[in-house]
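Remember, predicted model here, so these are calculated numbers, not experimental data. A, B, ... follow the sequence lines: proteins, then strands. Residue 1 opens every chain.
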2 protein chains.
Amino acid sequence: VARGATDDKGQLFAHVKAVEALLNTTGSLPGEIVFLIEGEEESGGNSLFNYVSDEGQDLKPEAVLISDGTMYDPVTPAITYGLRGIITFEMTVQGPAQDLHSGAYGGTVANPALVLTQLLSRCIAPNGTILVPHFYDDIAPLADWETKNLKELALNEQDLQKECGVPALHGEPGYDLLQRLWMRPTFEINGLTGGYCGDGFKTIIPSRASAKVSIRLVPDQEPSHIRQLVFDFLMQNCPNSVHLEFPWYAESAPIVFDIDSPLFGQAHSALQQGFGVEPVYVRTGGSIPVVNAFAQAWQCPVIGMGLGQDSDGPHSPNERFSLDAFVKGIKASAYFLQTL
Amino acid sequence: VARGATDDKGQLFAHVKAVEALLNTTGSLPGEIVFLIEGEEESGGNSLFNYVSDEGQDLKPEAVLISDGTMYDPVTPAITYGLRGIITFEMTVQGPAQDLHSGAYGGTVANPALVLTQLLSRCIAPNGTILVPHFYDDIAPLADWETKNLKELALNEQDLQKECGVPALHGEPGYDLLQRLWMRPTFEINGLTGGYCGDGFKTIIPSRASAKVSIRLVPDQEPSHIRQLVFDFLMQNCPNSVHLEFPWYAESAPIVFDIDSPLFGQAHSALQQGFGVEPVYVRTGGSIPVVNAFAQAWQCPVIGMGLGQDSDGPHSPNERFSLDAFVKGIKASAYFLQTL
């Protein structure tokens, strides 16, 4: 499976080249190979989802290899075996029918921008702990091998801080960096707007204020259940002096695959042979909703064999795809196909 | 004194007509009358302030009559004897050097929009009580006559709610409507912005988030002292994972005049004669910074003899000035001039 964003195209070509190489050298393939190419990922289309649940339902592949994601570092390949889920929603606090003069009415009319900040800040403590009751109840404990794996991977705190350009890192107490990135849920404001935001000043009580919020989920948090917990909590805490609305939401479940499946072992050997370096098992903090669609429709492992690098600048100007990773990726892909 | 906004021009003409009427009937004026006309109020200019502290310093009037403000209701004239002060400022929370992918970094990097909501919501409780330590320390108690006056004025709660188009009114517990509007400080967010606010969604950790905040003050809160209390409180509560900045602020002190001054008594009689209804004494929740400049430069009472009405729609399309108030205002102004 290759997806639409530019950063995934180099990865797709590596797999195409591997098929070509196998056909040129052995004259045959180990089985039927289907390339599924999506051009809509970054424009929010539903065609791939529709395909999977419609004509693609009978495809029933043995495994799905997904051309998305990155190596662990410039020399170490990685197998992605799990992804966080996500809930995204918009919330709007509606107060007075129109913006009011804050001198003439201040003290008697609730300020929607203030109510919005109060509601959002009730959801999450300054230290990063989410305060919505029962939010953490369903989180599955880590397997022993995962805890051990995390210790061995040990991400460098100073590198990450430098990469992000922040004065200090931040996060839920009691969890190390990789756990917070991959295995713990988050609560983020992605956009915030209300009142007068232009140059200068208007002393108004804004009529309304809105936020775009995303919540990353981890196994076994069920998106619609968590969404309901959050919406209920916000509604319960909303004063009767304003109206709170959720005009829009979307969600995707977290997923984790069993790396004991033989196909994960085969991908591991193939990457080792192609790159000459032992690959590591990683989860990702991001969400790829189609992975859930594949796993659900076909009940097969979806293997993330990412060939990109963090320094490739995906979605940015001057995006690149490393030629070294390209060549080694072709080899790894060919080895993988041969072992099927 | 007449000021620039359209809603004050009708009031100015009433005073001009009163002078004309006195000259036409008695042939003289009780003393020198200076009209001070400002065209910059709504465009933030400083010319009037500069005039007062420069060439206008020697003007030393006996009293200033300010053509701004409204009657208490369509039939009852009002004398404004006090105004709230105001502090306005912008605050910016700066996080990562650029917007980050909330999946790839969420859990390790503080979200500036979230920090902004947490900081602002620490300043004020959902019930409207301001939580900045020592914020209320310097508030002067009301005079006995003011407490009595408030009881007599009794603003209608349902009318105000309907006027604002809100599901319920709101405000600091323990204080009635007029107290909250005139005699209690407020803390408002006038504008809020951060991250992606357009159509659709971007799952980002925004690089920065900002708010425009205004705080109304009452006697004897000193603006620069209160501003420092608020800035210090915000700084103390700001995590070290972001930078907090206050790129801009402005302030104006609250003021209250002694209505026992003979000039207030003369304005009271004049309004009663002009309108045939006993005027009431009111404060206003708004702030008119030039009033402070006049009072300070000339050490004289600044009398608000507002002839406007709430239904005039000041600053709106189809703004009006009541002809009835105009005619009665001319009479009141002439009576006032005669008693000087």
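- Contact count against chain B (heavy-atom pairs under 4.5 Å) is highest for His243(A) among His243(A), Arg122(A), Glu90(A).
- Chosen from Ile204(B), Val115(B), Thr186(B), the residue pairing most often with chain A at heavy-atom distances under 4.5 Å is Ile204(B).
- Here the closest non-hydrogen pair linking Leu177(A) and Thr108(B) is CD2-CG2, 3.6 Å.
- When each of Tyr175(B), Trp248(B), Trp182(B) is scored by its heavy-atom pairs under 4.5 Å with chain A, the top score falls to Trp248(B).
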_Verdict with supporting geometry, Arg180(B) and Glu172(B), salt bridge (Lys or Arg N to Asp or Glu O under 4.0 Å)_ = CA-CA 7 Å; Arg180(B) 274 144 52 201; Glu172(B) 211 186 342; over 6 Å; no
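- There is a side-chain donor-acceptor pair under 3.5 Å between Ser121(A) and Ser121(B).
- Thr284(B) places a side-chain N or O within donor-acceptor distance of the main-chain N or O of Gly286(B), the cut-off being under 3.5 Å.
- Your options are Lys202(B), Gln98(B), Gln179(B), His101(B), and the one with the most heavy-atom pairs under 4.5 Å with chain A is Lys202(B).
- Stacking of Arg227(B) on the aromatic ring of Tyr249(B) is recorded, both the 6.0 Å distance cut-off and the 45° axial limit being met.
- When atom types are taken as modelled, the side chain of Gln118(B) and the backbone of Ile124(A) share a donor-acceptor pair closer than 3.5 angstrom.
- Interface check for chain B: of the options Arg184(A), Glu188(A), Glu157(A), the most heavy-atom pairs under 4.5 Å are formed by Glu188(A).
- Here Leu114(A) is the residue among Asp99(A), Val213(A), Leu114(A) with the most heavy-atom pairs under 4.5 Å with chain B.
- Interface remark: Pro167(B) contributes backbone and side-chain atoms alike to the contact with chain A (heavy atom separation under 4.5 Å).
- In terms of heavy-atom pairs under 4.5 angstrom with chain A, the leader among Gly107(B), Gly191(B), Gly195(B) is Gly107(B).
- No other option in Pro112(A), Pro96(A), Cys123(A), Gly171(A) has as many heavy-atom pairs under 4.5 Å with chain B as Pro96(A).
- Of the N and O atoms on the side chains of Thr92(B) and Ser210(B), at least one donor lies less than 3.5 Å from an acceptor on the other residue.
- Between chain B and the residues Ser207(A), Gly194(A), Gly285(A), the largest count of heavy-atom pairs under 4.5 Å involves Gly194(A).
- Residue Leu116(A) touches chain B through its side chain alone, counting heavy-atom pairs closer than 4.5 Å.
- Options Ser241(B), Gly165(B), Ala97(B) differ in how many heavy-atom pairs under 4.5 Å they form with chain A, and the most are formed by Ser241(B).
- Counting only distance, with no hydrogens or angles, the side chain of Thr129(A) and the backbone of Ala125(A) share no donor-acceptor pair below 3.5 Å.
- At a 4.5 Å heavy-atom cutoff, the contact between Ala104(B) and chain A is made by backbone atoms alone.
- Heavy atoms closer than 4.5 Å to chain A are found in the side chain of Ile86(B), but not in its backbone.
- Using modelled atom types and a 3.5 Å distance limit, the side chains of Glu163(A) and Tyr105(B) yield a donor-acceptor pair.
- The most heavy-atom pairs under 4.5 Å with chain A, out of Asn237(B), Leu119(B), Val242(B), Leu100(B), come from Val242(B).
- The most heavy-atom pairs under 4.5 Å with chain B, out of Gly198(A), Gly128(A), Ala211(A), Ala250(A), come from Gly198(A).
- A donor-acceptor pair is defined here as one N or O able to donate and one able to accept, closer than 3.5 Å; no such pair exists between the side chain of Tyr81(B) and the backbone of Gly304(B).
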